[in-house]
Amino acid sequence: MEALYSRPGFDRKLNVVVLGAVVMILLAFPPGEAFDPLDPNGNITIKWDVMTWTGDGYMAQVTMYNYQQYRHIEAPGWILGWAWAKKEVIWSMQGAEATMQGDCSKFHGDVPHCCKKDPTIVDLLPGVAYSAQSANCCRGGVLSSYVQDPLNSVASFQIVVGKAGTSNITVALPKNFTLTTPGPGYTCSPAKVVKPSLFPTPDGRRHTQALMTWNLTCTYSQFLAQRAPTCCVSLSTFYNDVIVPCQNCACACRPNISQPLLSTVPIEDVFAQSTSSANQRPGASAIIQNQAPPTLLYCSMDMCPIHIHWHVKTNYVDYWRAKVSIINRHVKNYTMWNLVVQHPNFNNLTETFSFQYKGLTSYGAINDTAMFWGIKYYNDMLLEAGDNGNVQSEILMRKDPRFTFTQGWAIPHRILFNGDECVMPPPTSYPFMPNGSIKVKTGLFLHVVLALAVVYLATVL
């Protein structure tokens with residue numbers, strides 16, 4: 001055996017075998033695939049239902065279903081793109097529109113809505129004319145998460161396609177689908193023909209059927225989005241006076257602010273630009289691409305737009321209480337915000353006092369993850385930075401059999417805000433419970449009581 005390992009070509013053959021195994025693993029799990037361990041089945045499914053054939057193509061109903069439990073799409077909303085397989089054009093749309101018409105100079109008389117080979121589609125804004133609307137449209141591209149608001153987790157529009165096939169055999173499926181929100185992060189699968197959709201009549205006694213149906217799925221990855229963290233976590237407890245702050249440079253490093261400015265304005269009141277062009281008016285290209293206008297951010301040591309604070313507040317005999325606060329440092333409002341917290345005691349979560357709550361059981365009976373969001377018309381909007389730019393709630397939990405205040409057990413394992421993971425402090429900095437602190441205090445108290453009793457008895461006798 002030793003002679004075998006010492007043979008000249010053995011190492012080279014072993015390297016080839018290892019390299020082949022690595023290649024097979026990479027092929028089995030392509031980099032475009034995303035996986036969220038807290039939401040393993042989460043995705044956005046896009047379905048095309050061909051409802052009627054036209055003279056040179058078809059009319060289809062395109063529907064987007066957000067099956068992600070806690071990740072939603074905020075304003076300025078989703079942007080859907082694809083590439084036509086042939087020379088198709090879009091004659092008209094309802095409930096959405098193409099951002100660019102393209103070159104339609106070859107058409108005389110009726111001009112298509114879009115002639116681009118790779119159209120980019122956006123949702124219509126609220127308040128558009130009724131004649132331009134379709135079901136589940138016109139929310140400015142905002143798409144709620146499935147758990148938080150299932151009724152508004154669906155978006156759809158109608159599209160009339162020309163210069164396309166007029167049968168199931170001649171129709172060519174669009175390809176190279178993209179979904180941006182408006183930045184990157186989603187990877188879409190190729191479209192695949194599936195069983196035609198069924199549509200029940202209002203009385204439920206009859207079902208009509210799509211002439212042809214294909215769908216695709218888009219999954220999100222924070223890594224693919226190439227985004228810096230957007231939130232950080234600080235910690236405190238009732239049994240330790242130490243407040244663990246967010247890590248320095250958790251989201252970015254604080255810009256170099258001149259000394260004269262610091263001498264006249266407190267650092268917490270100084271605004272820093274979240275982008276280099278924060279004070280510039282958005283150009284035409286940004287408007288066409290449906291980009292959000294640049295926002296301002298309060299200056300801090302961690303430079304995180306969102307600050308989460310977890311406080312272990314009270315200890316009872318059978319229960320314990322924590323308080324979670326969300327502080328907004330952005331000069332923008334967060335609508336439909338949500339917070340996902342992973343903690344081993346959430347299987348015995350009893351009550352939340354100011355947030356709505358739902359347990360996320362991603363793996364069978366394991367319930368260590370909770371999703372929190374605001375109460376409608378009370379705190380469902382996280383206001384911009386300032387005196388009112390925060391929401392908070394206390395959480396009451398029945399003690400788990402494993403319950404302890406030692407070794408950071410009362411601290412969450414993970415916290416996510418609006419689907420993006422927050423930067424936690426290092427475990428070595430967690431507030432610790434002083435060893436024997438309760439015993440020392442109790443012993444001192446007993447000594448004082450005994451001393452007073454002796455003095456009292458000596459006085460009386």
Side-chain angles (χ1 to χ4, degrees), residues 29-36 39 42-49 60-68 71-90 93 95-103 112-125 136-137 139-145 153-159 161 164 171-194 213-227 282 284-292 418-420:
F29 301 95
E33 294 294 331
F35 176 76
D36 186 346
D39 191 11
N43 67 76
I44 293 180
T45 298
I46 303 173
K47 184 175 67 170
W48 288 55
D49 291 308
Q61 180 82 20
V62 181
T63 309
M64 302 172 60
Y65 301 92
N66 186 6
Y67 292 127
Q68 298 173 114
R71 180 169 282 107
H72 60 264
I73 298 177
E74 294 182 279
W78 53 262
I79 307 171
L80 181 64
W82 63 82
W84 293 117
K86 297 190 289 186
K87 297 182 179 180
E88 294 90 338
V89 296
I90 301 176
M93 298 186 70
E97 61 184 355
T99 58
M100 298 289 289
Q101 184 183 30
D103 183 8
H113 175 77
C114 177
C115 299
K116 285 182 66 65
K117 176 73 173 178
D118 52 347
T120 301
I121 310 301
V122 295
D123 193 12
L124 296 180
L125 297 175
N136 298 312
C137 84
R139 295 192 292 266
V142 174
L143 201 61
S144 301
S145 62
S153 66
V154 181
S156 64
F157 59 87
Q158 293 180 357
I159 181 171
V161 181
V171 165
L173 275 58
K175 55 187 179 179
N176 300 334
F177 279 89
T178 60
L179 178 65
T180 56
T181 59
Y186 282 93
T187 302
C188 298
S189 68
K192 180 177 66 174
V193 176
V194 296
T213 300
W214 62 82
N215 65 17
L216 58 134
T217 57
C218 300
T219 54
Y220 181 86
S221 168
Q222 188 172 357
F223 175 77
L224 291 178
Q226 297 180 345
R227 292 176 57 188
S285 61
I287 297 174
I288 291 173
Q289 296 173 9
N290 202 34
Q291 297 290 333
N418 280 358
D420 288 337

To the nearest 0.5 Å, what is the distance between [atom1] on [X] and [atom2] on [Y]?
| X | Y | atom1 | atom2 | answer |
| --- | --- | --- | --- | --- |
| Thr99 | Lys116 | OG1 | NZ | 7.5 Å |
| Ser156 | Tyr65 | OG | OH | 8.0 Å |
| Glu74 | Leu143 | CD | CG | 12.0 Å |
| Glu88 | Cys115 | CD | SG | 12.0 Å |
| Cys188 | Leu80 | SG | CG | 7.5 Å |

Between [X] and [Y], which heavy-atom pair has the shortest distance, and what is it?
| X | Y | answer |
| --- | --- | --- |
| Met100 | Cys114 | O-SG, 3.3 Å |
| Ser145 | Arg71 | CB-O, 3.8 Å |
| Met64 | Ile46 | CG-CG1, 4.0 Å |
| Gly42 | Thr219 | O-CG2, 4.1 Å |
| Gly140 | Leu125 | CA-CD2, 4.0 Å |
| Tyr186 | Leu179 | CB-O, 3.3 Å |

Please check if the side chain of [X] supplies one atom and the backbone of [Y] the other of a donor-acceptor pair under 3.5 Å.
| X | Y | answer |
| --- | --- | --- |
| Ser189 | Thr217 | yes |
| Asn215 | Lys47 | no |
| Lys117 | Ala83 | no |
| Gln68 | Asn66 | no |

How about [X] and [Y]: do any of their side-chain heavy atoms sit closer than 4.5 Å?
| X | Y | value |
| --- | --- | --- |
| Ile121 | Ile90 | yes |
| Phe157 | Val122 | no |
| Leu216 | Pro190 | no |

| field | Sequence neighbours excluded - side chain to side chain donor-acceptor pair (under 3.5 Å) pairs with any residue from residues 172-185 | value |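 Output for this query is empty, none listed.
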| said: Just by distance, no angles: are the side chains of Thr45 and Asn43 close enough, under 3.5 Å, to form a donor-acceptor pair? | reply: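 Yes, because at least one side-chain N or O of Thr45 sits under 3.5 Å from a partner of the opposite role on Asn43.
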| message | What verdict does the side-chain contact (heavy atoms from CB on, under 4.5 Å) test give for Trp48 and Leu173, after you've listed the backbone C-alpha separation in whole Å, the side-chain angles of each residue and the deciding distance to 0.1 Å? | response | CA-CA 10 Å; Trp48 288 55; Leu173 275 58; over 6 Å; no
| Are Val161 and Val171 close enough, and set up right, to give a side-chain contact (heavy atoms from CB on, under 4.5 Å), and what steps lead you there? | CA-CA 11 Å; Val161 181; Val171 165; over 6 Å; no
| query | What's the verdict on side-chain contact (heavy atoms from CB on, under 4.5 Å) for Ile79 and Thr120, showing C-alpha distance, side-chain angles and the deciding distance? | reply | CA-CA 7 Å; Ile79 307 171; Thr120 301; 3.1 Å; yes
| said: Please verify the inter-ring angle class for Trp82 with Trp84; under 30° counts as parallel, over 60° as perpendicular, anything in between as tilted. | reply: perpendicular
